[in-house]
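Structure first, commentary second.
Letters A, B, ... are given to chains in the order of the sequence lines, protein chains preceding strands, and every chain is numbered from 1.
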2 protein chains.
Amino acid sequence: MARTTPQTHGEILAAAARRFAATGYRGTSLQDIATEVGCSKAAVLYHFANKEAILTELMAPAIEVLRSLDERIAEQPGPAAAQRVAAEGFVDLAVRFRSEIALLRGEFPELLQQPVFAHIQQISERLIDAFAGHSARASARITALVLLAGIAETCGQFADVPDQELSDALLALLLRALEQPAH
Amino acid sequence: MARTTPQTHGEILAAAARRFAATGYRGTSLQDIATEVGCSKAAVLYHFANKEAILTELMAPAIEVLRSLDERIAEQPGPAAAQRVAAEGFVDLAVRFRSEIALLRGEFPELLQQPVFAHIQQISERLIDAFAGHSARASARITALVLLAGIAETCGQFADVPDQELSDALLALLLRALEQPAH
DNA sequence: CACTGATCTGACCGATCGGTCAGCCTCTGA
DNA sequence: TCAGAGGCTGACCGATCGGTCAGATCAGTG
């Protein structure tokens with residue numbers, strides 16, 4: 001029961017990731033995390049300012065990669081190049097961080113309100129725009145949103161599929177499904 | 001404030017639908033619904049046994065259609081026919097009930113535990129199977145799940161798109177993206 | 001030895017949740 | 001006129017939430 005090791009911080013992070021993935025962010029209480037770690041709820045709040053700080057630290061690496069993808073897309077010369085970079089970059093991100101994305105478990109709408117994800121809303125809008133080949137046509141935007149949301153929502157469920165196989169399948173799907181932008 | 005009309009039942013349903021769509025099922029309290037209606041929380045619980053009963057009544061029509069779609073898919077002679085019926089039926093269901101689906105807002109995982117959705121889990125598994133053309137290949141199942149989840153997750157966001165246009169765009173996407181089953 | 005700072009605990013707080021309950025209105029029909 | 005039923009209210013309940021706080025424990029330092 002008594003913990004004297006200073007590695008509790010990491011243990012809390014790992015336990016929180018497991019619980020968030022199992023029951024979602026809102027569905028996981030600080031007591032749940034504490035029980036999984038084997039410490040008190042107060043100990044959890046000794047290592048993290050509040051519940052949100054745990055989520056922030058868990059998501060930080062994925063958010064950083066998403067931000068850099070956003071920049072790389074903006075640098076592309078035309079819509080076709082932007083679409084290709086967006087597709088490849090997003091698939092790579094989804095596969096690499098699928099466990100982190102999984103623990104959001106459809107709570108995107110509420111979680112987007114939180115400071116951690118302050119800029120994600122705009123980034124994802126630009127991502128959809130790139131997916132749609134900068135087209136304003138309704139069908140292009142519908143296609144883009146369905147694919148983006150579908151991948152984000154499901155990639156965490158393929159924990160048993162090897163990275164390369166999942167990556168290939170998703171990229172093939174995107175190339176097949178996305179409407180080609182006008183030249 | 002005082003309500004003497006017996007139409008409160010319907011008003012509560014409508015208010016609940018709006019609040020669920022805005023902040024999700026778990027994110028909406030009985031007090032929120034009562035405030036929107038303009039009555040007391042106790043009045044809401046006079047008309048409905050509990051919070052879940054409101055959701056049950058809201059979702060009943062959509063669930064019934066999903067159940068009949070499941071039966072129709074099972075009657076198809078081969079995987080190709082089943083895939084086509086599943087695609088057309090699911091798009092139709094998603095478009096017609098997009099406002100009902102929208103108010104689940106990614107809370108599928110938790111809500112699936114509730115009695116209302118007891119059989120939905122198995123039905124959706126059979127739906128994915130039909131989407132995948134009864135193939136066991138990982139890529140086919142990944143594609144099926146991404147598209148199904150993507151449509152379910154996003155169709156509620158296209159409230160401004162006419163039914164026919166949305167339906168056409170989604171069906172075209174499915175025909176383009178789904179892997180063809182072996183003959 | 002005394003002291004300090006880091007780590008951790010149990011008890012507690014106010015807020016909010018879904019849900020219950022006794023009773024108050026208002027309308028209706030015998 | 002009045003009993004009773006339907007509709008509704010305010011007060012209240014136990015549970016749970018995120019978060020606070022005073023203090024206990026312990027390793028290291030002088």
Tell me: [atom1] of [X] to [atom2] of [N], nearest whole Å?
X	N	atom1	atom2	value
B:Arg19	C:dG18	CZ	P	13 Å
A:Phe48	D:dG18	CZ	P	15 Å
B:Ile54	C:dG18	CD1	P	9 Å
A:Arg26	C:dC17	CZ	P	10 Å
A:Leu30	D:dG18	CG	P	5 Å
A:Glu52	D:dG19	CD	C1'	14 Å
B:Glu11	D:dG7	CD	P	13 Å
B:Lys51	C:dT20	NZ	C1'	17 Å

Side chain to side chain donor-acceptor pair (under 3.5 Å) partner of A:Glu179, chosen from A:Arg137, A:Gln83, A:Arg141:
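Of the listed residues A:Arg137, A:Gln83, A:Arg141, the side chain to side chain donor-acceptor pair (under 3.5 Å) partner of A:Glu179 is A:Arg137.
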Using the side-chain heavy atoms of [X], tell me which of these nucleotides is nearest: [options].
X	options	result
B:Asn50	C:dG19, C:dT9, D:dT9	C:dG19
B:Tyr46	D:dG7, D:dG19, C:dC17	D:dG7
A:Ala42	D:dC8, C:dT7, D:dC21	D:dC21
A:Ser29	C:dG18, D:dT9, D:dC17	D:dC17
B:Ser40	D:dT9, C:dT9, D:dC8	D:dT9
B:Ala43	C:dG18, D:dC8, D:dG18	D:dC8
A:Leu45	D:dG19, C:dG10, D:dC17	D:dG19

Would you say [X] places a side-chain N or O within less than 4.0 Å of OP1 or OP2 belonging to [N]?
X	N	value
B:His9	D:dG7	no
B:Thr8	D:dG7	no
B:His47	D:dG6	no

Any heavy-atom pair between the side chains of [Y] and [X] that's under 4.5 Å?
X	Y	answer
A:Leu173	A:Val91	no
A:Arg126	A:Ile73	no
A:Ile33	A:Lys51	no

Once you round to the nearest 0.5 Å, how far does CG of B:Asp32 lie from OG of B:Ser29?
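It is 3.0 Å, given to the nearest 0.5 Å.
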Has the side chain of B:Lys41 got a donor or acceptor that lies under 3.5 Å from a partner of the other kind on the base of C:dG18?
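Such a pair exists between side chain and base.
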